[in-house]
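All values below come from the heavy atoms of this structure, side chains included, with hydrogens, waters and symmetry mates left out. For the single chain, residues carry numbers from 1 onward in sequence order.
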Amino acid sequence: MKLIAHKKSPAVARWLRAEAGEQKLRYKHIAQRMNITDAPRRARRYAAFLERIQTRGFSVSFDQMRQIGPAELPREPRRKHRVVF
């Protein structure tokens, strides 16, 4: 498959480089916030959710609740959370 060769003026190429740099910087800030700043709050929310589905249960159908046992709980992934935009 051949790609179409697009000709860009030097001004457009500079603008694209500047825009890509800004996006990378924005991504870095968002990733830092997700993985460092908001990590303790997210861990508390996960713990509260896991405790709630073990005590109250999980909605299976309209009025049926099912309690989730400790063996069925998912393990927290070891990787960092990903930024998707």
Side-chain angles (χ1 to χ4, degrees):
M1 179 174 165
K2 291 189 173 186
L3 298 176
I4 300 171
H6 295 286
K7 295 182 181 180
K8 296 178 229 162
S9 68
V12 170
R14 279 193 307 274
W15 180 83
L16 284 172
R17 280 194 303 274
E19 191 68 22
E22 287 177 10
Q23 286 184 12
K24 287 179 184 178
L25 185 63
R26 209 173 307 132
Y27 176 89
K28 183 180 174 182
H29 286 250
I30 293 170
Q32 178 187 8
R33 172 131 190 190
M34 282 181 66
N35 291 314
I36 297 170
T37 308
D38 291 342
R41 186 175 359 163
R42 184 175 48 250
R44 285 193 306 271
R45 287 179 183 165
Y46 285 173
F49 171 74
L50 294 175
E51 190 269 331
R52 188 168 53 247
I53 64 173
Q54 289 182 60
T55 54
R56 281 185 48 205
F58 185 76
S59 178
V60 177
S61 184
F62 172 68
D63 61 348
Q64 295 176 338
M65 298 290 274
R66 177 180 175 271
Q67 288 185 347
I68 308 296
E72 296 179 279
L73 293 178
R75 293 186 181 161
E76 187 174 349
R78 288 185 286 180
R79 64 171 171 75
K80 292 182 178 179
H81 289 267
R82 292 186 208 134
V83 178
V84 179
F85 63 97

Hey, what else clusters with L50 if you join Ile, Leu, Val, Met, Phe, Trp, Tyr whenever side-chain heavy atoms sit under 4.5 Å?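 Once heavy-atom contacts under 4.5 Å are chained together, L50 belongs with F49, I53, F58, I68, L73.
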Using the side-chain contact (heavy atoms from CB on, under 4.5 Å) criterion, which residues pair with E22? Sequence neighbours excluded.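 E19, R26.
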Calculate, to the nearest 0.5 Å, the distance between atoms [atom1] and [atom2] belonging to [X] and [Y] respectively.
| X | Y | atom1 | atom2 | value |
| --- | --- | --- | --- | --- |
| R66 | Q64 | CZ | CD | 11.5 Å |
| R56 | E51 | CZ | CD | 10.0 Å |
| R42 | N35 | CZ | CG | 6.0 Å |
| E72 | Q54 | CD | CD | 9.5 Å |

Flag, side chain of Q67 to backbone of T55, donor-acceptor distance under 3.5 Å: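 At least one qualifying donor-acceptor pair exists.
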Could you check whether any side-chain N or O of S59 sits under 3.5 Å from a backbone N or O of S61, counting only pairs where one atom can act as donor and the other as acceptor?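 Side chain of S59 to backbone of S61, a donor-acceptor pair under 3.5 Å: yes, one is there.
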CZ of R33: more than 12 outside heavy atoms within 6.0 angstrom?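 Atom CZ in R33 is not packed in, count stays at 12 or less.
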Answer yes or no: are there more than 12 heavy-atom neighbours, outside R75 itself, under 6.0 Å from its atom CZ?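 Open: at most 12 neighbouring heavy atoms sit under 6.0 Å from CZ of R75.
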